[in-house]
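Contents: one structure, followed by commentary.
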Amino acid sequence: MSVFITGTDTHIGKTLASAWLCLHADSDYFKPIQTGSIEGTDSTFVAGIIKNRVHLESYLFKAPESPHTAAQAENSDIDITTIKLPAVHRLVVEGAGGLMVPLNREHLMIDLAQALGLPVLLVASTKLGTLNHTLLSLEALHARQMPVAGIILNGPGNPRLKETLEHFGQSPVLAEIPPLDAINTHSLQALKPGPQLLNLFNMDDNNELEFA
Ligand SMILES: Nc1ncnc2c1ncn2[C@@H]1O[C@H](COP(=O)(O)OP(=O)(O)OP(=O)(O)O)[C@@H](O)[C@H]1O
Ligand SMILES: C[C@H](N)[C@H](N)CCCCCC(=O)O
Ligand SMILES: [Mg+2]
């Protein structure tokens with residue numbers, strides 16, 4: 001089984017969560033659309049953690065902007081039908097920014113996620129404001145009846161957040177990643193995912209995802 005990792009925002013921890021999951025789930029990594037390549041790419045970061053199990057991006061643009069304008073700046077255009085999943089058994093696919101990020105004049109990141117048909121993991125902050133951002137993202141996914149595997153909370157502990165998001169968002173919080181002093185293979189290895197999250201990678205493709 002493979003998953004599509006999105007987030008409530010850019011810079012929210014999608015790559016961190018992706019590297020962490022690839023490490024523990026023995027999974028490959030694929031970032032179909034990367035912008036801001038000058039600053040360094042997510043694939044390069046993840047390759048530092050899981051070495052050579054990182055697949056080449058389908059689209060790579062220099063400008064640290066939304067994919068639709070970063071592509072335009074290079075006289076290019078993103079055609080989501082050209083994005084094919086690498087033929088591997090376990091794959092973590094990372095989006096860019098959040099779900100409503102435009103890829104071209106017609107498609108948003110959520111359209112790509114829907115086209116790829118993978119269960120979606122939503123990375124969300126634990127900061128004030130996250131309830132709105134997270135529930136809006138879940139609303140968008142549920143409105144399209146897309147398979148939502150669950151939420152990964154990233155940031156300082158916030159006791160009531162899990163229960164509130166599970167109640168209103170009808171999706172499980174599958175992991176809570178604390179602020180890490182260092183981000184490397186050792187620190188990610190030491191952070192153990194729960195069985196519910198790892199089981200996602202052991203499910204076969206026709207398993208129904210439902211909120212327990
Ligand atoms: N739990 C954490 N502890 C420490 N640093 C973190 C944590 N989560 C994220 N970061 C740092 O915050 C920055 C943004 O995280 P990350 O690159 O994973 O965001 P992203 O959602 O993948 O962004 P993008 O939309 O550009 O792909 C990175 O420098 C990352 O190392
Ligand atoms: C450049 C950044 N690191 C991401 N790759 C792209 C983020 C696009 C965000 C668009 C937006 O929501 O305003
Ligand atoms: Mg990233």
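Fair warning: this is a prediction, and the values are worked out from it, not measured in the lab. Whatever order the structure lists them in is the order used to number ligands and atoms, beginning at 1.
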Contact region, Asn154 to ligand 1, non-hydrogen atoms below 4.0 Å, reads side chain

Parallel under 30°, tilted from 30 to 60°, perpendicular over 60°: which one fits the rings of Phe61 and Tyr59?
parallel

For the CD atom of Glu139 and the CG atom of Leu99, what is their distance to the nearest 0.5 Å?
12.5 Å

Is atom 31 (O) of ligand 1 near the protein, in the sense that some protein heavy atom lies at less than 4.0 Å from it?
yes

In this structure, atom 3 (N) of ligand 1 is nearest to the protein heavy atom Leu180 N, 2.8 Å

Closest protein heavy atom to atom 23 (O) of ligand 1, given as residue, atom name and distance to 0.1 Å
His11 N, 3.0 Å

Pro64: heavy atom below 4.0 Å from ligand 2, yes or no?
yes

Any idea which protein heavy atom is nearest atom 26 (O) of ligand 1, and the distance to it?
Thr10 OG1, 3.3 Å

Is there a donor-acceptor contact under 3.5 Å from the side chain of Arg90 to the main chain of Met1?
no

Considering heavy atoms of the protein only, find what lies nearest to atom 11 (C) of ligand 1 and give residue, atom and distance to 0.1 Å.
Ile183 CD1, 4.4 Å

Going by atom types alone, do Asp42 and Thr15 pair a side-chain donor with an acceptor below 3.5 Å?
yes

Return the residue, atom name and 0.1 Å-rounded distance of the protein heavy atom closest to atom 19 (O) of ligand 1.
Gly13 N, 3.2 Å

Look at ligand 2 and say whether Glu39 reaches it with a heavy atom at a distance under 4.0 Å.
no

For Thr69 and Glu65, does a side-chain donor sit closer than 3.5 Å to a side-chain acceptor?
yes

How does Lys31 reach ligand 1, by side chain, by backbone, by both or by neither, if only non-hydrogen atoms under 4.0 Å count?
side chain

Looking only at protein heavy atoms, which one is nearest to atom 7 (C) of ligand 1, and how far off is it?
Leu16 CD2, 3.7 Å

Tell me, which N, O or S atom in Glu94 is closest to the Mg ion (ligand 3)?
OE2

Could you check atom 2 (C) of ligand 2 against the protein and tell me its nearest heavy-atom contact, residue, atom and distance included?
Thr10 OG1, 3.5 Å

I need the single residue from Leu138, Leu174, Val120 that forms a side-chain contact (heavy atoms from CB on, under 4.5 Å) with Ile151. Which is it?
Leu138

Name the one of Ile5, Leu91, Leu85 that satisfies side-chain contact (heavy atoms from CB on, under 4.5 Å) with Leu118?
Leu85

For Ser18, which part has a heavy atom under 4.0 Å from ligand 1: side chain, backbone, both, or neither?
neither

Judged on heavy-atom distance to atom 17 (O) of ligand 1, which of Asp9, Asp181, Thr6, Thr15 sits nearest?
Thr15

Taking atom types as modelled, is there a side-chain donor on Ser43 or Gln34 under 3.5 Å from an acceptor on the other?
no

For a quick check under 3.5 Å, do Ser37 and Thr41 share a side-chain donor-acceptor pair by atom type?
no

Atom 11 (C) of ligand 2 sits nearest the protein heavy atom Val101 CG2, 4.3 Å

Quick one: nearest non-hydrogen protein atom to atom 25 (O) of ligand 1, plus distance?
Lys14 NZ, 2.6 Å

Answer yes or no: are there more than 12 heavy-atom neighbours, outside Lys62 itself, under 6.0 Å from its atom NZ?
no

Electrostatic pair Asp26-Arg53, nearest N-O below 4.0 angstrom:
yes

The Mg ion (ligand 3) reached by Ser18 (N, O or S, under 2.8 Å):
no

Does even one non-hydrogen atom of Gly7 get within less than 4.0 Å of ligand 1?
no

Thinking salt bridges, do Glu94 and Lys31 make one under a 4.0 Å N-O criterion?
yes

With the threshold set strictly below 4.0 angstrom, can you tell me whether any protein non-hydrogen atom sits that near atom 5 (N) of ligand 2?
yes

Establish, from distance only, whether the side-chain atoms of His55 and Asp28 form a donor-acceptor pair under 3.5 Å.
yes

Identify which of Thr35, Thr41, Thr69 has a heavy atom lying nearest to atom 1 (C) of ligand 2.
Thr35

Ignoring hydrogens, tell whether any protein atom lies closer than 4.0 Å to atom 28 (C) of ligand 1; use the non-hydrogen atoms only.
no

Between ligand 1 and Gly98, can you find any atom pair, the residue atom being a heavy atom, that is separated by under 4.0 Å?
no

So does Lys14 pair up with Asp9, basic N to acidic O under 4.0 Å?
no

Relative to ligand 1, is Ile12 under 4.0 angstrom through side chain, backbone, both or neither, heavy atoms considered?
both

Quick check on Gln145: does its CD atom have over 12 non-hydrogen neighbours (other residues, nucleotides or ligands) under 6.0 Å away?
no

Considering only N, O or S atoms of Asp42, the one closest to the Mg ion (ligand 3):
OD2

Under 3.5 Å, N or O to N or O, is Pro178 touching ligand 1 that way?
yes

